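First the structure, in the form of structure tokens, and then the observations on it.
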Amino acid sequence: MAKPETLNFFERVYDVARQIPYGKVTSYGAIARCLGAAKSARMVGYAMNGASEKEDVPAHRVLNRNGVLTGKHHFPGTDLMQQLLESEGHVIEDDQLQDFKKHFWDPVIVIGLDSQYDQ
């Protein structure tokens, strides 16, 4: 069973992910920086692995720093993550979002930095 502080971190990750606008994407690292835990991108990834089953968390909008759909295996079906992104108007080629920078939403700029999680 996960430690309470890990569960709390996951909930903070989900709170940030819920704010990603339709048609935009972000990265694991950007969410980690927003939470003041810049070295915790992998932990954000662990949180997002379980988020694909949470209907209110748009986990499909969280990609790696290069725009690659690294979390696609955690969605039911073979191409659900890609299909969800394409339904929002994105172009995916070889598991990578095209024009990643154009569609990037930076939670640090929009939400700010949560110093509660400084490491």
Side-chain angles (χ1 to χ4, degrees):
M1 183 166 186
K3 295 178 182 178
E5 58 269 18
T6 301
L7 294 175
N8 186 45
F9 184 81
F10 282 18
E11 286 305 317
R12 300 286 296 164
V13 168
Y14 302 148
D15 288 345
V16 173
R18 285 181 185 104
Q19 297 179 56
I20 305 168
Y22 180 91
K24 294 291 184 179
V25 294
T26 196
S27 68
Y28 305 107
I31 291 175
R33 284 189 300 279
C34 179
L35 296 176
K39 295 181 181 182
S40 297
R42 186 165 291 182
M43 185 65 86
V44 171
Y46 293 145
M48 297 313 296
N49 288 347
S52 63
E53 297 177 8
K54 294 180 176 285
E55 291 184 24
D56 65 330
V57 178
H60 65 284
R61 296 179 188 153
V62 183
L63 313 175
N64 84 356
R65 64 188 171 102
N66 297 313
V68 176
L69 283 62
T70 54
K72 71 179 192 167
H73 304 292
H74 299 283
F75 285 81
T78 56
D79 294 319
L80 182 58
M81 184 178 190
Q82 179 172 333
Q83 291 170 358
L84 291 168
L85 288 166
E86 289 174 340
S87 74
E88 293 185 17
H90 296 292
V91 175
I92 310 296
E93 292 179 10
D94 297 321
D95 292 330
Q96 185 168 15
L97 178 83
Q98 303 303 294
D99 293 323
F100 179 64
K101 290 181 181 179
K102 175 183 172 186
H103 302 288
F104 187 77
W105 177 80
D106 191 343
V108 174
I109 293 172
V110 178
I111 300 171
L113 183 69
D114 186 344
S115 62
Q116 176 182 353
Y117 292 95
D118 283 342
Q119 291 186 358

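Keep in mind that what you see is a predicted model, and the values were worked out from it rather than measured.
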Looking at [X] and [Y], would you say the former's side chain and the latter's main chain have a donor-acceptor pair under 3.5 Å?
| X | Y | result |
| --- | --- | --- |
| Tyr14 | Phe9 | no |
| Ser40 | Met43 | no |
| Asp94 | Gln96 | no |

Distance, nearest 0.5 Å, that separates [atom1] of [X] from [atom2] of [Y]:
| X | Y | atom1 | atom2 | value |
| --- | --- | --- | --- | --- |
| Tyr28 | Met48 | OH | CE | 7.0 Å |
| His90 | Gln83 | NE2 | CD | 14.5 Å |
| Thr26 | Phe104 | OG1 | CZ | 4.0 Å |
| Ser87 | Gln82 | OG | CD | 11.0 Å |
| Lys54 | Phe10 | NZ | CZ | 10.5 Å |
| Asn66 | Leu97 | CG | CG | 11.5 Å |

Would you call Arg61-Glu88 a salt bridge at under 4.0 Å N-O?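 Looking at Glu88 together with Arg61, the answer is yes, because their closest N to O distance falls below 4.0 Å.
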Is it true that Asp79 and Lys72 have a side-chain N and a carboxylate O under 4.0 angstrom from each other?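 No, no charged N to carboxylate O under 4.0 Å.
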Show your working on side chain to side chain contact (heavy atoms under 4.5 Å, CB included) between Thr70 and Asp95 and close with a plain yes or no. CA-CA 8 Å; Thr70 54; Asp95 292 330; over 6 Å; no
Report yes if some heavy atom in the side chain of [X] is under 4.5 Å from a heavy atom in the side chain of [Y]; otherwise report no.
| X | Y | answer |
| --- | --- | --- |
| Gln19 | Ile111 | yes |
| Val13 | Val57 | no |
| Val91 | Asp99 | no |
| Val108 | Cys34 | yes |

Can you tell which of Val110, Val62, Val25 makes a side chain to side chain contact (heavy atoms under 4.5 Å, CB included) with Ile20?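 Filter result, single survivor: Val62.
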Looking only at non-hydrogen atoms, find the nearest pair between [X] and [Y] and report the distance.
| X | Y | value |
| --- | --- | --- |
| Ala32 | Ala41 | CB-N, 3.7 Å |
| His60 | Met81 | O-CE, 3.5 Å |
| Lys102 | Lys24 | O-NZ, 3.6 Å |

Within a reach of under 6.0 Å around CZ of Arg65, are more than 12 heavy atoms found that belong to other residues, nucleotides or ligands?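 Open: at most 12 neighbouring heavy atoms sit under 6.0 Å from CZ of Arg65.
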Between Glu86 and Ile92, does the side chain to side chain contact (heavy atoms under 4.5 Å, CB included) criterion hold? Intermediate values first, please. CA-CA 7 Å; Glu86 289 174 340; Ile92 310 296; 4.0 Å; yes
I'd like to know whether Phe100 forms a side chain to side chain contact (heavy atoms under 4.5 Å, CB included) with Val68, so could you lay out the CA-CA distance, the side-chain angles of the two residues, the decisive distance to 0.1 Å, and finally the verdict. CA-CA 9 Å; Phe100 179 64; Val68 176; over 6 Å; no
Is there a path of hydrophobic side-chain contacts, each under 4.5 Å between heavy atoms of I/L/V/M/F/W/Y residues, joining Val16 to Tyr46?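 Linked, Tyr46 and Val16 end up in one cluster.
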